[in-house]
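Everything on this sheet refers to the single structure shown next.
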There are 2 protein chains.
Amino acid sequence: MKGRILRDARKIFGEYGFHGTTTRMIAQKVGIDISTLYYHWGEKGDLYEAVVQDIFEDLRSKLVEIEHIIHGKPLADRLTIALDIMTDYLFENPEISNLTLYRYFTKTRHESVLEVKVPETMGNIAYSMGLVNDKKALPVDAKMKMLAMMNSIHNFISGEGFFKVLLDVDHEDYVRVVKETLGFVLIPAFTQATKAQDSSE
Amino acid sequence: MKGRILRDARKIFGEYGFHGTTTRMIAQKVGIDISTLYYHWGEKGDLYEAVVQDIFEDLRSKLVEIEHIIHGKPLADRLTIALDIMTDYLFENPEISNLTLYRYFTKTRHESVLEVKVPETMGNIAYSMGLVNDKKALPVDAKMKMLAMMNSIHNFISGEGFFKVLLDVDHEDYVRVVKETLGFVLIPAFTQATKAQDSSE
DNA sequence: GAATGTTTCCAGCGCTTGATGGAAACGCTT
DNA sequence: AAGCGTTTCCATCAAGCGCTGGAAACATTC
């Protein structure tokens with residue numbers, strides 16, 4: 001039950017944000033009494049934090065999974081495949097993108113645990129993309145490139161409803177142009193950078 | 001007074017979002033009685049919509065201004081200058097980025113006026129970036145590239161508080177790496193695409 | 001069958017929210 | 001001085017919020 005609440009809370013928080021979500025909405029979605037919700041999770045803020053933690057873990061393990069798949073392939077292929085898998089995954093779980101972006105402007109609370117793991121995860125992707133040789137000591141500019149990459153995807157996922165009417169396309173077409181656009185923007189940047197790096201060595 | 005309310009409401013909405021903002025917070029920020037606020041603007045939702053409209057107009061006129069400045073210059077320069085000016089502008093007015101991103105997942109209301117003007121504005125930038133020859137008939141993929149560009153900037157503006165601690169840099173350094181990263185990601189994509197287009201003609 | 005943990009139902013608490021009302025005062029023009 | 005638009009103060013409203021309490025029913029385990 002505790003897990004069921006977490007799963008549904010994630011959807012609701014992802015759709016309406018922290019302030020836009022009420023504990024009653026979550027209880028209704030799960031189909032339980034509000035008392036049951038408080039019995040398991042206590043404060044609304046604690047549940048929210050658990051949700052954030054949860055989506056981060058999912059995202060993290062997905063990145064590890066992708067890293068295994070693309071291992072050893074040429075850079076351009078690694079990027080294309082990674083973008084493809086990640087985009088599909090986030091389209092299936094848009095709350096992840098929503099909540100990630102929400103966290104950018106929502107007033108921060110304590111959130112101590114995350115700050116440690118984020119750099120580590122970023123280090124793994126950066127290494128996988130051939131940006132750095134050392135997974136541990138990640139320079140600022142490499143981190144920024146990782147962020148730019150992830151954010152580009154998140155935006156198109158979270159903005160689907162908004163952009164679809166703007167572009168006048170259906171879901172299927174939207175997914176396609178998102179992938180094309182991400183490829184268009186991201187692949188040249190990273191391949192070109194590596195080429196320049198190679199020729200200088 | 002009506003304008004003063006709009007200006008302050010913009011800041012508050014930009015910082016806390018629609019649900020996180022209360023009419024009393026706005027009144028306090030302006031330094032007026034809550035009755036005065038309702039005297040001028042009526043419903044909270046109407047004020048919010050006026051704010052959205054307002055930031056869109058600002059963004060629009062800024063884009064026109066940039067277009068004039070970069071007119072006639074080589075593509076790579078156009079991009080660099082445009083990114084530089086736009087980034088500075090948004091760092092000074094982060095509510096614009098915040099509210100723009102907020103609109104991506106916040107449940108849509110009517111908002112009829114915007115949908116007409118957005119494509120037009122995008123058409124101008126796309127033309128300015130050499131992506132299309134006709135400002136009017138803008139293909140979907142060109143729109144997507146414009147969105148990818150704008151969103152990349154907005155993210156780094158809205159996420160400043162979050163990313164700064166992650167990267168452990170101060171504001172000045174952050175602004176610098178943001179510009180570097182945007183240049184790194186966006187310039188190769190657009191210059192390379194144009195080169196390919198030129199050689200095929 | 002006693003004990004324990006879980007869930008429901010319901011009632012309610014204190015507080016904040018968006019929004020309205022009226023009376024009075026202010027500044028400004030005519 | 002009268003009129004008008006604006007602003008303040010204060011009181012208030014219904015509704016919703018996060019959250020708690022107790023009593024009873026259920027299932028599981030020992």
Checklist entry - How close or far is atom P of C/dG18 from atom NE2 of B/His19, stated in whole angstroms? => result 11 Å
Next on the checklist: Using the side-chain contact (heavy atoms from CB on, under 4.5 Å) criterion, which residues pair with B/Glu180? Sequence neighbours excluded.
Outcome noted: B/Arg176, B/Val177
Checklist outcome for this item: Hits for salt bridge (charged side-chain N to carboxylate O under 4.0 Å, His left out) against B/Lys73, two or more places apart or cross-chain, chain-then-number order -> none
For nucleotides 4-6 of chain C, which of its nitrogen or oxygen atoms have a protein nitrogen or oxygen under 3.5 Å away, and what is each distance?
{"unit_1": "C/dT6", "atom_1": "OP2", "unit_2": "A/Tyr39", "atom_2": "OH", "d": "2.6"}

Checklist entry - Looking at residues at least two apart in the chain, or sitting in another chain, which of them share a salt bridge (charged side-chain N to carboxylate O under 4.0 Å, His left out) with A/Asp33? => result none
Checklist entry - With sequence neighbours left out, what residues match B/Asn93 under side-chain contact (heavy atoms from CB on, under 4.5 Å)? => result B/Arg10, B/Tyr89, B/Glu95, B/Ile96
Checklist outcome for this item: In numerical order, the residues of residues 23-32 of chain B whose heavy atoms come under 4.0 Å of DNA chain D are B/Gly31, B/Ile32
Checklist entry - Can you list the residues that meet the ring pair (Phe, Tyr, Trp, His ring centres under 6.0 Å) rule with B/His68, with sequence neighbours excluded? => result none
Next on the checklist: In this structure, how many angstroms lie between the P atom of C/dG18 and the OH atom of B/Tyr48, rounded?
Outcome noted: 14 Å
Checklist outcome for this item: In whole angstroms, the gap separating P of D/dG18 from CZ of A/Phe18 amounts to 8 Å
Checklist entry - Excluding sequence neighbours, so at least two apart, what forms salt bridge (charged side-chain N to carboxylate O under 4.0 Å, His left out) with A/Lys2? => result none
Item to check | Separation of C/dT17 P from B/Leu47 CG (nearest whole Å) | outcome: 16 Å
Review item, nucleotides 20-25 of chain C N/O atoms under 3.5 Å of protein N/O:
{"unit_1": "C/dG21", "atom_1": "O6", "unit_2": "B/Ser35", "atom_2": "OG", "d": "2.8"}

Item to check | Residues in salt bridge (charged side-chain N to carboxylate O under 4.0 Å, His left out) contact with A/Lys62, at least two apart in sequence or another chain | outcome: A/Glu65
Checklist entry - What is the ring orientation for A/Tyr174 with A/Phe163, classed by angle as parallel under 30°, tilted 30 to 60°, or perpendicular over 60°? => result tilted
Checklist entry - Looking at residues at least two apart in the chain, or sitting in another chain, which of them share a side-chain contact (heavy atoms from CB on, under 4.5 Å) with A/Ile12? => result A/Tyr16, A/Thr21, A/Met25, A/Ile26, A/Lys29
Next on the checklist: Using the side-chain contact (heavy atoms from CB on, under 4.5 Å) criterion, which residues pair with B/Tyr38? Sequence neighbours excluded.
Outcome noted: B/Thr23, B/Ile34
